[in-house]
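Remarks on the structure that follows.
So that the names make sense, note that chain A is the first sequence line, chain B the second, and so on, each numbered from 1.
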Amino acid sequence: MKILAVDDDPDFLALFQSTLQSLGYTRVTTAVSGDDALRKIGYAQVPFDCFILDIKMPGMDGIELCRRIRALPQYRDAPIMMNTIMSDRDHIDRAFSAGATDYLTKPVDPIEIRARLGVIEQLVLERLRAQIAVTQGNGAMRAMASYGFMDGIPMKRVVGAMDRLAMANYLNALGLFRAMATSAVAVQVVNAREIYDLEGGAVFGEIMVDVATCLSDCLQGRLRMISYAGGGTFVFLANRSELEDGERLAARLSHYIEEFHLVYKDLGITLPTVAVGTPVACGASHLRAPDRIIDEAVTGVRRQGAGLTRTA
Amino acid sequence: MTMHMPMATDLAAHLDRIRRSFLDRLGDRVLEIDAILQAMDRDGPRPELREAIVHRAHKTAGVAPSLGFDELGTLARAVEEGWGFGYGRLGDTEAARRTGAMLDEMERLLDADLDGR
C-alpha cells in the first residue's frame, strides 16, 4: 500500500515512518506541509492508496488539505486518516465533514495503527477489485455502474455523504461520552425492492442518489453525515438536541422527493416512498463500540414495522 | 521522498537517532519559548504570541510520549490547552505556570542528556 504521510514536525515524521516500517508498510512518502503534499500528489506517477495527515500545520492545515485531496477525482474515495492530538469535537466534526475516513490520536500507538491500517488496506483491495471488474466489463457497464440490491452505492456528489467505515470511525473517535449526544436515524425506501426489480441495478443506483440528495437537503442540524447501507436503507447522524420528529422529517423528505415526480413519470419510473425509523442513541451497551448504533438503526428500520413513519 | 526504510532489526537504532534529533532541537525550542514569554511580559499575551507557544507545545505533545518522554508530553498538552482552548477559562497566570513547568521538564531532560553523554 502506497502511503503519503504529512506532518510539519520532522521528528514525528521520522518516528511515524519507523513505526509504519516495523508494521510492514514500506512504501511511505513524506511531506512537510499541505503545499508539499499537493505537489507530491501531482507528481506521483503511481497514485497513493492512503493518506495520513496531521491537522495542525502552519499555512494549509490538515483539514483543508483533506478537503483538497478529496476534491481530486482520482482520490475521491481514497482513505484519508487524520493523525493528531486534537481530540476535541470541533476538530473531529470538521475532519470528517472534510472527507476524512479515520481519526487517529497521537502519540503513536503501533497496535492501534496496525488495526486501523489493516481495515483501510482491506478497503483499498476491495475497491481495486471493483475497479478491475468495471474496467474489464463491456462499454455499457463502464458507462453506467450497475449494483446489486444490497451493494454499496457511491454517494460522493451528495453533500454530507460518507461511507459506512468513515461514519463508524467518526462515532468511535468521539468516544462514548460525546457519542451519547449523537443519534443514528435510518431511512428506508419502502418500495426499494420493487424499484430494483423493475428498473435494474443501474437506474436503482441513480434513484438512491436522488433520495440521498433529498435527505441531505432535509437535514437542517449542525451535523450532516449520511451513509447508504444497501437495500434502499440510509442512515444519518444527528445531535440528539437537534433531532426532528420522525413524522415531520418523513413528510419533508417526501415533499423533496415529490419534486422528481414529473421526471420520473416521463421515464416511467416508480417514485420512491420512504419510512423514517426510530432514532438510536448511544447507551451503556455501546461502551466498547459506539458505532453499533448505526447497525441497530439500520436493522430497526428494516424490521420494526410498528415503529415506522410511512409516507407515500 | 519515498523511503524504503531499514528492516525491523534496525528499528531500535533508528528510534535512538530520532530521539537524539528531538533532544538536539529541544534546546532551541526552550530558547524560542523563553523569548516568546519575554515578549508576552513586554507586550501582553497577544494572540500571535499565544499561538506561537501553542504551536510548539502541540508539536512537543505529539512526539514526546512516543520517544519515552511521557511527562513532557503531558505538560506540553496542558500548555496547549492553557493557551489554546482553555485560555479564556484559565487566564494568563495558569497558562504561564504551565508553560514554566514544561520548560522545567525540557531543561531537566537536556541536563540528563548532557550527564549521559
Side-chain angles (χ1 to χ4, degrees), chain A residues 1-32 36-37 39-41 43-46 48-49 54-59 61-62 82-91 104-110 112-113, chain B residues 1-29 48 50-81 83-87 89 106 109:
Chain A
M1 184 158 72
K2 187 177 175 187
I3 297 170
L4 177 63
V6 188
D7 198 303
D8 64 311
D9 187 323
D11 293 327
F12 182 82
L13 269 185
L15 179 72
F16 196 57
Q17 204 167 27
S18 289
T19 305
L20 292 175
Q21 159 72 19
S22 71
L23 298 174
Y25 296 101
T26 55
R27 296 170 64 207
V28 180
T29 300
T30 59
V32 294
D36 187 26
R39 194 167 48 248
K40 283 172 175 163
I41 290 168
Y43 288 153
Q45 294 187 358
V46 177
F48 293 100
D49 297 310
D54 182 29
I55 287 187
K56 198 171 176 67
M57 296 187 287
D61 70 10
M82 310 309 287
N83 188 20
T84 178
I85 61 171
M86 318 294 284
S87 58
D88 59 291
R89 177 155 194 166
D90 180 56
H91 280 94
L104 269 176
T105 46
K106 294 175 181 176
V108 172
D109 178 353
E112 192 69 23
I113 291 173
Chain B
M1 152 178 67
T2 299
M3 295 185 63
H4 293 274
M5 300 286 296
M7 292 310 292
T9 48
D10 295 331
L11 187 61
H14 193 67
L15 283 176
D16 276 347
R17 282 197 292 277
I18 298 168
R19 192 181 163 99
R20 174 80 268 135
S21 160
F22 176 79
L23 288 169
D24 286 346
R25 270 193 272 269
L26 197 58
D28 288 342
R29 192 163 284 179
E48 64 272 25
R50 291 207 313 265
E51 179 53 34
I53 289 188
V54 165
H55 179 71
R56 284 160 180 79
H58 176 80
K59 292 302 161 189
T60 305
V63 77
S66 303
L67 296 174
F69 307 126
D70 290 2
E71 178 65 11
L72 178 57
T74 304
L75 292 168
R77 190 81 176 100
V79 170
E80 186 184 11
E81 287 169 0
W83 289 113
F85 303 125
Y87 176 65
R89 178 169 53 85
M106 286 176 166
L109 289 173

Inset, instruction - Decide yes or no for A:D8 and B:H55: does some side-chain heavy atom of the first lie under 4.5 Å from some side-chain heavy atom of the second? - result: yes
Inset, instruction - With a 4.5 angstrom heavy-atom cut-off, could you sort out which part of B:R25 is near chain A: side chain, backbone, both or neither? - result: side chain
Inset, instruction - Counting only heavy atoms closer than 4.5 Å, note whether A:N83 contacts chain B via side chain, backbone, both or neither. - result: neither
Inset, instruction - Would you check if the side chain of B:K59 reaches a backbone N or O of A:K56 as a donor-acceptor pair within less than 3.5 Å? - result: yes
Inset, instruction - Please answer whether the main-chain N or O of A:I85 pairs with a side-chain N or O of B:R77 as donor and acceptor at a distance below 3.5 Å. - result: yes
Inset, instruction - Can you measure from CZ (A:F12) to OG (B:S66) and round to the nearest 0.5 angstrom? - result: 6.5 Å
Legend entry - Rounded distance [0.5 Å steps], CD in A:Q21 versus NE2 in B:H14: 8.5 Å
Legend entry - Portion of A:T105 that has a non-hydrogen atom of chain B nearer than 4.5 angstrom: neither
Legend entry - Note, A:S18 side chain near B:I18 side chain (heavy atom, < 4.5 Å): yes
Legend entry - Toward chain B, the part of A:D54 with a non-hydrogen atom under 4.5 Å: side chain
Inset, instruction - Taking the side chain as every heavy atom from C-beta outward, state whether A:T84 and B:H58 have any atom pair closer than 4.5 Å. - result: yes
Inset, instruction - Rounded to the nearest 0.5 Å, what's the gap from CG on A:D11 to OG1 on B:T60? Could you check? - result: 9.5 Å
